[in-house]
Participant: 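Questions regarding the structure given below will be posed in turn.
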Amino acid sequence: MKILIVEDEAKTGDYLKQGLSEAGFVADLVRDGMDGLHQGLTEDYDLIILDVMLPSLDGWQILQTLRRAGKQTPVLCLTARDKVEDRVRGLESGADDYLVKPFAFAELLARVRSLLRRGKPREAENLRIADLELDLIRRRVMRAGRRIDLTAKEFGLLELLLRRQGEVLPRSLIASQVWDMNFDSDTNVVEVAVRRLRAKVDDGFDVKLIRTVRGMGYVLEDPQ
Ligand code: CA
């Protein structure tokens with residue numbers, strides 16, 4: 001899931017980007033209204049977090065331009081003022097939700113997840129293979145009725161493998177989808193993460209679901 005953050009206050013922007021990354025999202029941060037509009041128009045995001053008070057182009061103008069251009073990406077507006085007229089203006093401009101500053105990060109995360117769910121009503125809430133189940137809403141993984149604790153990145157990795165189960169995924173694809181980075185042959189971040197994930201998901205179970213395909217990548221499949 002890819003999120004665009006448009007926020008000119010350095011501290012808030014950095015805090016949001018870091019928090020969302022730790023929660024398993026890929027987050028891009030821009031600090032200026034014109035850049036925000038450009039990114040919103042040219043890139044595909046699952047959600048935009050839009051500060052209203054911005055230099056060069058304010059949040060309302062960005063929102064209106066995006067909607068007029070046919071972009072239906074859900075937008076969560078951040079406003080410093082809890083004024084009724086601001087909220088009315090935002091609704092008319094096509095905002096999907098609001099948060100008044102200052103806010104708790106947990107509150108923002110709850111709104112983000114709710115908007116992402118709303119945006120994809122037909123999407124399954126659970127992904128499954130054999131006796132392994134991943135609950136996208138509760139961010140929980142169970143195997144054979146046993147809870148498995150994963151880090152945010154491990155969860156993202158397992159989600160990708162589950163969504164494309166049966167397909168051999170190259171390390172480069174995993175690196176770009178889960179870590180948002182270009183594949184660099186010097187790094188073994190994918191191997192290390194897969195090893196850790198496998199220890200949690202497959203060790204102690206007779207049926208091994210994650211398989212290495214030598215020279216190609218990894219595949220999640222039910223061998224039975
Ligand atoms: Ca601002």
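By convention here, the first residue in the shown sequence is residue 1.
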Participant: Side chain to side chain contact (heavy atoms under 4.5 Å, CB included) for L161 and V194? Distances and angles first, verdict last.
Facilitator: CA-CA 10 Å; L161 287 165; V194 170; 5.7 Å; no
Participant: Mind checking side-chain hydrogen bond (donor to acceptor under 3.5 Å, both in side chains) for D8 and listing every partner two or more places apart, or none if nothing turns up?
Facilitator: none
Participant: Counting C-beta onward and ignoring hydrogens, is there a side-chain heavy-atom pair between V201 and L220 closer than 4.5 Å?
Facilitator: no
Participant: Does any non-hydrogen side-chain atom of L157 lie less than 4.5 Å from one of Y218?
Facilitator: no
Participant: Does K153 reach the main-chain N or O of V178 with its side chain, forming a donor-acceptor pair under 3.5 Å?
Facilitator: yes
Participant: Check whether any side-chain N or O of T65 sits under 3.5 Å from a backbone N or O of Q61 as a donor-acceptor pair, and report yes or no.
Facilitator: yes
Participant: Are L29 and V26 linked, directly or through intermediate hydrophobic residues, by side-chain heavy-atom contacts shorter than 4.5 Å (ILVMFWY only)?
Facilitator: no
Participant: Donor-acceptor pair, R198 side chain versus I210 backbone, under 3.5 Å?
Facilitator: yes
Participant: What distance do Q72 atom CD and R67 atom CZ have between them, rounded to the nearest 0.5 Å?
Facilitator: 5.5 Å
Participant: So that I can tick it off, tell me whether D14 and R31 are bridged by a salt bridge, with the cut-off set at under 4.0 angstrom between side-chain N and carboxylate O.
Facilitator: yes
Participant: Below 4.5 Å, heavy atoms only, C-beta onward: do L116 and P74 meet side chain to side chain?
Facilitator: no
Participant: With a 4.5 Å limit on heavy-atom distance, are the side chains of D202 and L197 in contact?
Facilitator: no
Participant: Is E154 salt-bridged to R196, going by a charged N under 4.0 Å from an acidic O?
Facilitator: no
Participant: If you compare all heavy atoms of G19 against all heavy atoms of F105, which two are closest, and at what distance to 0.1 Å?
Facilitator: C-CZ, 3.3 Å
Participant: Under a 4.0 Å threshold between the charged nitrogen and the carboxylate oxygen, would R143 count as salt-bridged to D131?
Facilitator: yes
Participant: Using 4.0 Å as the upper bound for N to carboxylate O, is an ion pair formed by E159 and R163?
Facilitator: yes
Participant: Would a distance-only check, ignoring hydrogens and angles, find a side-chain to backbone donor-acceptor pair under 3.5 Å from D135 to N126?
Facilitator: no
Participant: Nearest 0.5 angstrom please: L50 CG to D58 CG, how far?
Facilitator: 8.5 Å
Participant: Do K101 and D51 touch side chain to side chain, with heavy atoms closer than 4.5 Å?
Facilitator: yes
Participant: Show the nearest heavy-atom pair for residues A23 and L109, with the distance to one decimal.
Facilitator: CB-CD1, 3.9 Å
Participant: With no hydrogens and no angle check, is any side-chain donor or acceptor of E9 less than 3.5 Å from a backbone partner on K11?
Facilitator: no
Participant: Between V75 and D96, what is the shortest heavy-atom contact and its length?
Facilitator: N-OD2, 2.7 Å
Participant: Should M1 and L47 count as side-chain neighbours, where that means a heavy-atom distance under 4.5 Å?
Facilitator: no
Participant: Determine whether L134 and I137 fall in the same hydrophobic cluster, where Ile, Leu, Val, Met, Phe, Trp and Tyr are linked whenever their side-chain heavy atoms lie under 4.5 Å apart.
Facilitator: no
Participant: Does K17 reach the main-chain N or O of A27 with its side chain, forming a donor-acceptor pair under 3.5 Å?
Facilitator: yes
Participant: Do L16 and I3 have side chains that get closer than 4.5 Å, going by heavy atoms?
Facilitator: no
Participant: Give me the one residue out of R128, R140, R138 that meets salt bridge (charged side-chain N to carboxylate O under 4.0 Å, His left out) with E133.
Facilitator: R128
Participant: Do L169 and V189 share a hydrophobic cluster, counting only Ile, Leu, Val, Met, Phe, Trp and Tyr and linking them when any side-chain heavy atoms are less than 4.5 Å apart?
Facilitator: yes
Participant: Measure across G166 and V219 and return the closest heavy-atom pair with its distance rounded to 0.1 Å.
Facilitator: C-CG2, 3.6 Å
Participant: Any idea which heavy atoms bring C77 and A95 closest together, and the distance?
Facilitator: SG-CB, 3.8 Å
Participant: Using a strict 4.0 Å threshold on nitrogen-to-oxygen distance, state whether K71 and D44 make a salt bridge.
Facilitator: yes
Participant: Apply salt bridge (charged side-chain N to carboxylate O under 4.0 Å, His left out) to the pair D97 and R113, showing each step before the final yes or no.
Facilitator: CA-CA 12 Å; D97 202 0; R113 290 196 171 130; over 6 Å; no
Participant: Donor-acceptor pairs are to be reported for all side-chain atoms of residues 34-42 against protein atoms at under 3.5 Å, with residues two or more places apart or in another chain.
Facilitator:
residue, atom, partner, partner atom, Å
Q39, NE2, Y45, OH, 2.9
T42, OG1, H38, O, 2.7

Participant: Decide side chain to side chain contact (heavy atoms under 4.5 Å, CB included) for E7 and I49; before the verdict, give the C-alpha distance in whole Å, the side-chain angles of both, and the deciding distance to 0.1 Å.
Facilitator: CA-CA 8 Å; E7 168 63 86; I49 297 175; over 6 Å; no
Participant: With rounding to the nearest 0.5 Å, note down the distance linking CG in L160 to CD in Q177.
Facilitator: 5.5 Å
Participant: Rounded to the nearest 0.5 Å, how far apart are CD1 of I5 and OG1 of T12?
Facilitator: 10.5 Å
Participant: Let me confirm one number: the CD1-CG distance from I48 to L76, rounded to the nearest 0.5 Å.
Facilitator: 11.0 Å
Participant: For L209 and P223, work out which heavy atoms get closest and say how close.
Facilitator: CD2-CD, 4.2 Å
Participant: Report the distance from atom CG of L20 to atom OH of Y15, rounding to the nearest 0.5 Å.
Facilitator: 10.0 Å
Participant: Is the shortest heavy-atom distance from the side chain of T73 to the side chain of L4 under 4.5 Å?
Facilitator: no
